[in-house]
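These numbers come from a predicted model, not from an experiment. Residue numbering restarts at 1 for every chain, and letters A, B, ... go by the order of the sequence lines.
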Amino acid sequence: MLDIKLIRENADFVKTKLALRNEDTAKIDEILSLDVNRLEILHKVEALKETRNKVSAEIAKMKKEKVDAEDKIAEMKKVGDDIKAYDDELRGIESKIESILYHIPALPADGVPEGKDASQNVEIKIWGEKKNFSFEVKDHVQLGKHLDILDFERGTKISGSGFPLYKGKGATLERALINFFLDTHTNQNGYNEVMTPVLVSRASMEAAEKVPKFEEDMYHMQADDLFAIPTAEVPILNIHRDEIIKQDELPIKYCGFTNCFRREAGSYGKDTKGFLRVHQFNKVELFNFCTPETSYDELEKMLGHACGLLEALGVHYRVIELCTGDMGFSASKCYDIEVWSYAEDKWLEASSVSNCTDFQSRRAQIRYKKVLENGKTKTELVHMLNGSGLATSRLMVALLEANQNADGSINIPQCLKSYTKFDIIE
RNA sequence: AGAGAGAUGGCUGAGUGGUUGAAAGCGGCGGUCUUGAAAACCGUUGAUGCCUCUGGUAUCCGGGGGUUCGAAUCCCUCUCUCUCUGCCA
């Protein structure tokens, strides 16, 4: 969530930034007027409470001295009633402010390209080249079926469409990718590996800013009010919820593999083929808690960590910087990494790396003790970044297609061979 | 799932209606001593909001509600933890 103080003191700035995200800035005016009202009542009720505290102390003293205090008690009874009335009113206003605030996205960082939608994203890097095939390429569904390594029909039988079933060397290849990613991040990139719960509480979803805004997009277990995670970002972020971290412990970097679950409500009929849009997929997540001064540097490093994996795999990819109109709710700056699909003849998103600055840490109350120049300390919100490093399903599309041979067999990239223990799937 | 116990500051742990934002200890930070360190001693050490902002004030003792002039303390409720029993991997 945004800082109410920032809205109060720099309303025009906030509106300008939100307009870049196609947001209705009338919400800000609504918050401002509620805030004025809130402060007015807050001042009144605090003055009354001050009176109550003072007189209550006097009453205590009089009681001790066995002096009759009935007049003061009667007087305070009235004050108490007024306090209660104001407190109720205050609570009502605060919950109105929150319900608006919870639906306002993060402000885009300076320098993020301005644009209305995905068409105005900016390609900033392209790596590798398209291969030339001397035969007609098969798509990943055909390849998966031909080699009996992916069984989308039976996945559908088990759970419904969008729940893939990996078989044999397909399952092994998936496992190899995950292990390769985790090993690289822990051994070379300085991440601490975690294995987290995949069902999380409503409080955890709120802290990660997924609820209330995206509640409909997630699987929910009603009996226990638990949500299946759409990304490991949620449990990893919550590792430090309500904590104050020492400055010298930052940055804290975690990586973790989980299954991810998304209802993808509202996208029926779009990209239904195979892995293109699924309800359950596998992902190794990168997460970073750091100081505000370093977060944009950390963002570039994380992007590099994700790209490094694709380069090791020899997958043709590009990096795009999302424009203001296409960024996710919590992000101030975001890169997507896309891999090339020969069969679909288009780029597919395999990773997204975002700097969410203090947008989530404010709601999650994740802070650190900042040491000031005079030696004193100050608590400040940490900056938080998340990124996929990487999600496997769309990568699998690119990988299978790009490494296919004329007979439909698949060559295993060099860096995975020590994991798969086979060189080819045929 | 049933029975019982509990939740207090970075940690341990006092506190059962009136200067208790909270004793004590540990830890942290600063100092004295020391060539330096340890020990000892002294001091210091929570968060958040608002305001007329080198200060004032309000709020916070798991969450929420209630009783009362006044609640960490009493009542209700929810959540979580621990112990025992049951059930299941």
Side-chain N or O of A:R91 less than 4.0 angstrom from OP1 or OP2 on B:G64? no
Can you list every pair that meets salt bridge (Lys or Arg N to Asp or Glu O under 4.0 Å) and has a residue in residues 161-170 of chain A, with sequence neighbours left out? A:D148-A:K167, A:D151-A:K167
Kindly compute the distance separating CD1 (A:I425) from CG (A:L147), expressed to the nearest 0.5 Å. 6.5 Å
Please work out if A:S201 contacts a base, only the sugar-phosphate, or nothing of the nucleic acid, heavy-atom cut-off 4.0 Å. nothing
Nearest-0.5 Å distance, CD1 of residue A:I337 to CG of residue A:L395: 10.5 Å
Under 4.0 Å, heavy atom to any atom of RNA chain B: which of residues 58-68 of chain A qualify? A:I59, A:A60, A:K63
Sorted by number, the residues of residues 358-368 of chain A with heavy-atom contact under 4.0 Å to RNA chain B: A:R367
Sequence neighbours excluded - salt bridge (Lys or Arg N to Asp or Glu O under 4.0 Å) pairs with any residue from residues 4-25 of chain A: A:R8-A:D35, A:K15-A:D29, A:K17-A:D110, A:E23-A:K27
Taking N or O atoms only and anything under 3.5 Å, show me the protein contacts with nucleotides 52-59 of chain B, one pair per line.
| residue | atom | partner | partner atom | Å |
| --- | --- | --- | --- | --- |
| B:A58 | OP1 | A:N53 | ND2 | 3.1 |

Please check if the number of heavy atoms outside A:Y102 that lie under 6.0 Å from its OH is greater than 12. yes
As a test of reading the structure: which of B:A47, B:C50, B:C69 is closest to the side chain of A:H43, going by heavy atoms? B:C50
P atoms of B:C53 and B:U68, separation to the nearest Å: 39 Å
Here the residues of residues 28-42 of chain A within 4.0 Å heavy-atom distance, strictly under, of RNA chain B are A:L39, A:L42
Pairs in or reaching into residues 408-417 of chain A: which pass side-chain hydrogen bond (donor to acceptor under 3.5 Å, both in side chains), with residues at least two apart or in two chains? A:N405-A:S409, A:N405-A:N411, A:D407-A:S409, A:Q414-A:K417
Can a side-chain donor-acceptor contact be found between A:Y368 and A:E380 if the only test is distance below 3.5 angstrom? yes
Does a side-chain N or O from A:T379 land closer than 4.0 Å to OP1 or OP2 of B:U48, or not? yes
B:A14 and B:A7, which share atom name C1', separated by this distance in whole Å: 15 Å
Rounding to the closest angstrom, what is the interatomic distance between B:G64 and B:C60 at atom C1'? 14 Å
Please measure how far the C1' atom in B:U34 lies from the corresponding atom in B:A22, and state the result in whole Å. 38 Å
Parallel, tilted or perpendicular, judged at 30° and 60°: which one describes the rings of A:Y219 and A:H279? perpendicular
Pair A:N288-A:Y191, side-chain donor/acceptor within less than 3.5 Å: no
Applying salt bridge (Lys or Arg N to Asp or Glu O under 4.0 Å) as the test, list every pair that has at least one member in residues 326-336 of chain A; sequence neighbours left out. none
Length of the NZ-P vector between A:K78 and B:G70, whole Å: 14 Å
Do you see a donor-acceptor pair shorter than 3.5 Å between the side chains of A:S341 and A:E401? yes
Please enumerate all residues that pass ring-ring contact (aromatic ring centres under 6.0 Å, His included) together with A:H383, with sequence neighbours excluded. none
Base, sugar-phosphate, or nothing: which does A:K378 touch, judged by heavy atoms less than 4.0 Å apart? nothing
For nucleotides B:G9 and B:G15, find the distance between their P atoms and express it as a whole number of Å. 16 Å
State which residues pass salt bridge (Lys or Arg N to Asp or Glu O under 4.0 Å) with A:K72; sequence neighbours excluded, sorted by chain then number. A:E58
Atom C1', compared across B:C75 and B:C88: separation rounded to whole Å: 38 Å
Starting at the 5' end of RNA chain B, which residue's closest nucleotide do you reach first, A:K77 or A:K369? A:K369
What distance, rounded to whole Å, do you find between the two P atoms, one in B:U67 and one in B:C84? 41 Å
Examine the side chains of A:T324 and A:E114 and answer whether a donor and an acceptor come within less than 3.5 Å of each other. no
Nearest nucleotide by nearest heavy atom, which residue falls closer to the 5' end of RNA chain B, A:A57 or A:I4? A:A57
Tell me which pairs pass salt bridge (Lys or Arg N to Asp or Glu O under 4.0 Å) where either residue lies in residues 219-239 of chain A, with sequence neighbours left out. A:R202-A:D225, A:K210-A:E233
C1' gap between B:G46 and B:U85, integer Å: 41 Å
Can you measure A:I7 atom CD1 to B:G49 atom P for me and round it to whole angstrom units? 14 Å
Determine, stepwise, if the pair A:E300 / A:Y335 fulfils side-chain hydrogen bond (donor to acceptor under 3.5 Å, both in side chains). CA-CA 9 Å; A:E300 299 302 319; A:Y335 296 113; 2.6 Å; yes
Residue of the set A:T184, A:L177, A:I178 for which side chain to side chain contact (heavy atoms under 4.5 Å, CB included) holds with A:F181: A:L177
Students often get this wrong, so: under 4.0 angstrom with heavy atoms, is A:K5 touching a base, only sugar-phosphate, or nothing? sugar-phosphate
In dot-bracket notation, what is the pairing pattern of RNA chain B, taking Watson-Crick (N1-N3 plus N6-O4 or O6-N4) and G-U wobble (N1-O2 and O6-N3) contacts under 3.5 Å, with [ ] crossing and | for other strands? ((((((((.[[[..)..(.....]]]((((((.......))))))((((((...)))))).[[[[[..)....]]]]])))))))....
